[in-house]
Amino acid sequence: MKCDKAQSLMLDHLYGDLKPREQKALLQHVQACHTCAEEYEAHKATVSAFKQVDMEEPPPGLSRKIVATAADRIEQQEPLPAWNRWAWKPALATAAAAMLVIVFLINNPPAQKIAHVAARAPSPGDAQMLEKAAPPQKPHMAEPAQMVEEEDVSRYRKTTEDLRESRGSYKENNLRFDIAATDKVGGVASESHMAGLKRAKKIEERPLPISEATAALPVEMKDEFSVLRSMGWTDRDEVEGDSKVLPDSEGEELVAASVEVYSKVPQAQESQAPESPVVRSQAEETGKGKLAYLGADGALEISQARLEKAQNEYLAGNAYFGKGDFDRAVLNYQKVIALASGEELAAMSEYRLGRSYQELELFEQAISVYKEIIKKYPDFPERADVYMAVGECYLGLGNADEAIKNFEIVLDQFPDNREVAREKIGQAKLQQKVSGEEEEPPPDDKD
Amino acid sequence: MGKTTVCPKKGNAILNRNISDETLMMRYAKGDVGAFEELVERHRQPLFGYLCRISKNRELAEDLFQEVFIRVMNSRSRYKKSAKFTTWLYRIARNACIDAFRRESYRKTESLSAPRAADREMETTLENVLPSSNPGPDMELERKQLSEILKKCIERLSPEQKEVFVLRQYQNLPFQEIARVTGASESTVKSRMRYALKSLRTMLIEENIVEGVTL
C-alpha cells in the first residue's frame with residue numbers, strides 16, 4: 001500500500017468505517033511507515049480532543065413551534081404527493097368520481113366535523129386519515145381547522161379527542177336524516193330493499209370504518225355502504241347484486257325496486273347538498289330504467305363496479321398506511337388484490353401490502369409479497385424499490401447475505417439507484433462484521 | 001398471509017427507533033405529523049450543533065433551524081424514497097446557511113483576524129481560576145472553557161474544511177455522504193478532512209491542549 005492510500009484509509013479508520021481486511025492492510029503499512037504512523041497518531045489525538053466540544057442545545061420551544069407549524073399545514077390540506085406515477089387508464093375517471101363522492105360525504109351533513117367514515121374503533125389521527133381519504137382537497141374541508149385550538153404540538157393529539165366528543169351530535173343528526181330518507185321510500189319498497197340487501201352480494205369485513213350512524217342502524221342495513229346508498233350514492237355492485245347472485249326475475253324486481261328507491265332519495269338530498277354533481281348524475285342514471293345496469297354489457301359493468309370497489313379499498317388502504325395504521329392497511333390492500341388481480345392497481349397494492357408488512361416488521365410475509373411482485377409483474381415500475389425492500393427485510397431478519405444479494409441486483413440492474421444500493425451493501429456488511437460472519441474481499445477503491 | 005396484530009399503531013407516538021429516518025420521512029410526506037415530530041426529535045440537536053458551528057452565531061442558528069425545517073415541510077412531497085434522509089437534511093441545511101450568508105442580514109462585525117487575542121484571553125482566564133475546596137465547579141468551568149476554545153479552533157478553519165470536519169465529527173456522516181451533501185468528490189472531501197485535522201492539530205498545540213510537534 002502506498003502512503004497516499006494509507007492517508008485516505010486512516011481517515012475512515014478514525015471513525016470506524018474500515019472493514020477488517022482494510023484495517024489489516026492499513027496496520028501493516030503503518031507498522032512499516034514511520035511518517036504515516038505519526039500522522040495517524042496525530043489525527044487520532046485531534047479527533048479525540050474535539051470530542052470534548054459541548055454541543056449547543058436548541059431552545060425547546062423552537063422544536064415545538066416547528067412541529068405545530070407542520071401540524072397546521074397538514075390540517076390546511078396541503079396537496080398530497082403523487083404516490084403512483086402510473087397512468088390509471090380509463091379507471092382514472094371513475095376514481096375521480098369516487099373521490100368526489102367521498103368529498104361530498106365529508107362535506108355533508110355540513111354541521112359535522114367528520115365524514116361518515118369516522119372510525120368505529122377510534123384511533124389517533126383520524127382527522128388526518130379522513131383528509132387523506134379525500135384528495136384533491138377542497139378548500140372548505142369540513143371544519144378540521146376548528147379542531148385546532150392550541151398553539152403547541154399537542155394540538156395534533158387533541159384532534160382525535162375532539163373527534164370523539166363530536167360523535168354524539170353527529171350520531172343524532174345522521175339518525176334523523178336516515179330515518180327521513182327511509183320514510184320517503186315507503187313501507188313496501190323499504191322491505192324489498194332490505195331483502196335485496198340481504199340477497200345482494202355483500203362485502204364482509206370491509207375495514208373502512210363505518211359511522212356511528214351506520215352503527216345505530218338496524219342490523220340488516222349495517223353493511224358499510226348502506227348509509228352512503230341512503231344518501232343516494234349508488235354502488236352498482238351493491239345495489240344490483242352480482243348477476244350470479246340474482247339470476248331470477250324476483251331478483252331483478254328487487255334490483256329494480258332498489259334502483260327506484262335510490263332514485264328518489266337524492267331529491268330529498270338536493271336541498272342538503274346542492275354541490276354534489278356526481279351524486280345527482282348517478283341518480284339521474286338510475287331513474288332511466290330498472291335494467292339500466294344489467295344489460296348486455298352486464299359483465300363489463302360489473303367489472304367496472306369491481307374496479308371502483310377496488311379503488312375505494314385502495315384509497316382506504318392508503319389512508320391507513322399514511323396514518324401508520326398498517327394492520328388495517330393490510331386488509332384493504334388484500335381486498336384490492338382479490339378484487340382487481342392483474343390490474344396495475346393490484347400490483348401497487350401488492351407493493352403497499354409488502355410495505356405494510358415491513359412496517360409491522362413481519363419481514364417474512366413482506367418478502368414473500370415482494371417476491372410475488374417480481375414474479376407476477378415484470379413491468380412493475382418500482383422494481384428497484386422492490387428488490388431494495390427485500391434486502392431491507394432480510395437485514396431486518398439478520399440475514400445479511402441475502403440482503404446483500406438483493407442490493408447487488410439493484411446495483412447491477414438499476415443504475416439510478418446505485419448509490420443507495422452501495423450504501424445498503426455497506427450497511428449489510430457492517431451487520432455481517434458485527435455478527436462475525438466471513439468477510440467478502442473489499443471492493444475496488446474509488447479514490 | 002399471516003395474521004397481523006389487532007392494535008393499530010399510533011401515528012403520533014412513534015418511539016420505535018427501528019423505524020428508519022427514510023420511512024418516517026415518507027410517512028410525513030403522506031401527512032403523518034407524528035413522523036415529522038419524531039424526525040425533529042432525532043435530529044434537532046445535531047442539526048442545531050451543525051448550524052452553530054457553521055453560522056458562528058446562536059441567534060442566526062436558531063433562525064436557520066426553523067428555516068431548515070420549513071424547507072423540509074415545503075419539500076416533503078418531493079422527498080425520494082431512495083434518498084438518505086441525513087444527506088437530504090444536511091443539504092438543505094447547507095443551502096440555508098449559504099443563502100443566509102448571502103443575505104448577510106445577521107452579519108456581525110466580530111472579526112476572525114484576532115483570534116489570538118481572544119484565545120489569549122481565554123488562557124488568562126484559565127490561569128486565573130483559583131482552586132476552591134470544591135473541585136466540581138472548577139472542572140465544570142474548565143470543561144466549558146475548553147469547549148469554547150475548541151469551538152473557536154473550528155471557526156478558524158476554512159469554510160470548506162470546517163464543513164467537512166463538522167459533518168464527519170459531529171454529524172457522523174460517512175465521507176461518501178459528505179461528498180453528496182457538499183457536491184464535491186469523495187477524494188476532495190477526504191483531502192479537506194486531512195488538512196482540517198492538520199490545521200486543528202496545529203491550533204491545539206498552540207493552545208497547549210495537546211503536546212507534540214506540528215505535522
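Per chain, numbering begins at 1; letters A, B, ... match sequence-line order.
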(request) Search all heavy atoms of A:F50 against all heavy atoms of B:I154 and return the closest pair with its distance. (result) CE2-CG1, 3.6 Å

(message) Can you tell me how far apart CG (B:L146) and CD (A:Q52) are? Round to the nearest 0.5 Å.
(response) 5.0 Å

(request) Verify whether one side chain among A:E423 and B:Q176 offers a donor that lies under 3.5 Å from an acceptor in the other. (result) no

(request) Go through A:E419 and B:R180 one step at a time and tell me if the salt bridge (Lys or Arg N to Asp or Glu O under 4.0 Å) criterion holds. (result) CA-CA 10 Å; A:E419 280 179 1; B:R180 266 185 248 123; 3.1 Å; yes

(message) Show, in sequence, the C-alpha distance, side-chain angles and deciding distance for A:R73 and B:N74, and conclude whether the side chain to side chain contact (heavy atoms under 4.5 Å, CB included) test is met.
(response) CA-CA 10 Å; A:R73 288 191 182 198; B:N74 290 342; 2.4 Å; yes

(message) I need the B:F175 CZ to A:D12 CG distance, nearest 0.5 Å.
(response) 6.0 Å

(message) What's the separation between atom CG in B:D32 and atom CZ in A:F321, rounded to the nearest 0.5 Å?
(response) 10.5 Å

(message) Using every non-hydrogen atom in the two residues, find where B:R201 and A:A42 come nearest and quote the distance to one decimal.
(response) CD-CB, 3.5 Å

(message) For the interface with chain B, which of A:L14, A:L62, A:T69 has the highest count of heavy-atom pairs at distances below 4.5 Å?
(response) A:L62

(request) Could you tell me the separation between the CE atom of A:M10 and the CE atom of B:M193, rounded to the nearest 0.5 Å? (result) 12.5 Å

(message) Quick check: closest heavy atoms across B:V33 and A:A70, and the distance to 0.1 Å?
(response) CG2-O, 4.1 Å

(request) Can you tell which part of B:L204 gets under 4.5 Å to a heavy atom of chain A, answering side chain, backbone, both or neither? (result) side chain

(message) For the CD atom of A:E39 and the CG atom of B:L197, what is their distance to the nearest 0.5 Å?
(response) 9.0 Å

(message) Between B:R168 and chain A, with a heavy-atom cut-off of 4.5 Å, which part of the residue counts as in contact: side chain, backbone, both or neither?
(response) both

(request) Tell me, out of A:P59, A:A49, A:A45, who's got the most heavy-atom pairs with chain B below 4.5 Å. (result) A:P59

(request) Please step through side chain to side chain contact (heavy atoms under 4.5 Å, CB included) for the pair A:E57 and B:R44, ending with a clear verdict. (result) CA-CA 8 Å; A:E57 268 282 333; B:R44 51 185 275 276; 3.2 Å; yes

(message) Atom CZ of residue position A:F414 - does it have more than 12 heavy atoms of other residues, nucleotides or ligands inside 6.0 Å?
(response) yes

(message) Please find the pair of heavy atoms, one from B:F69 and one from A:I66, that lie closest to each other, and give the distance.
(response) CB-CG2, 3.6 Å

(request) With rounding to the nearest 0.5 Å, note down the distance linking OG in B:S191 to CG in A:L11. (result) 9.5 Å

(message) I'd like to know whether A:V420 forms a side chain to side chain contact (heavy atoms under 4.5 Å, CB included) with B:K84, so could you lay out the CA-CA distance, the side-chain angles of the two residues, the decisive distance to 0.1 Å, and finally the verdict.
(response) CA-CA 8 Å; A:V420 184; B:K84 196 154 189 288; over 6 Å; no

(request) Check whether A:D17 gets within reach of chain B through its side chain, its backbone, both or neither, counting any heavy atom under 4.5 Å. (result) side chain

(request) Identify which of B:Y170, B:Y50, B:F36, B:F48 forms the greatest number of heavy-atom pairs closer than 4.5 Å to chain A. (result) B:F48

(message) Does any backbone or side-chain atom of A:K424 lie under 4.5 Å from a heavy atom of chain B? Answer side chain, backbone, both or neither.
(response) neither

(message) Please rank B:Q45, B:Q66, B:R194, B:R53 by heavy-atom pairs under 4.5 Å with chain A and give me the top one.
(response) B:R194

(request) Spell out, as yes or no, whether a donor-acceptor pair under 3.5 Å connects the side chain of B:K151 to the backbone of A:D54. (result) yes

(request) Output the option from B:C52, B:S185, B:P46 having the highest count of non-hydrogen pairs under 4.5 Å with chain A. (result) B:C52

(request) Please confirm whether the backbone N or O of B:L200 pairs with a side-chain atom of A:T46, one donor and one acceptor, at under 3.5 Å? (result) no

(request) Could you go through the side chain to side chain contact (heavy atoms under 4.5 Å, CB included) check for B:Q169 and A:K51 one step at a time? (result) CA-CA 8 Å; B:Q169 178 81 0; A:K51 285 181 181 165; 3.8 Å; yes

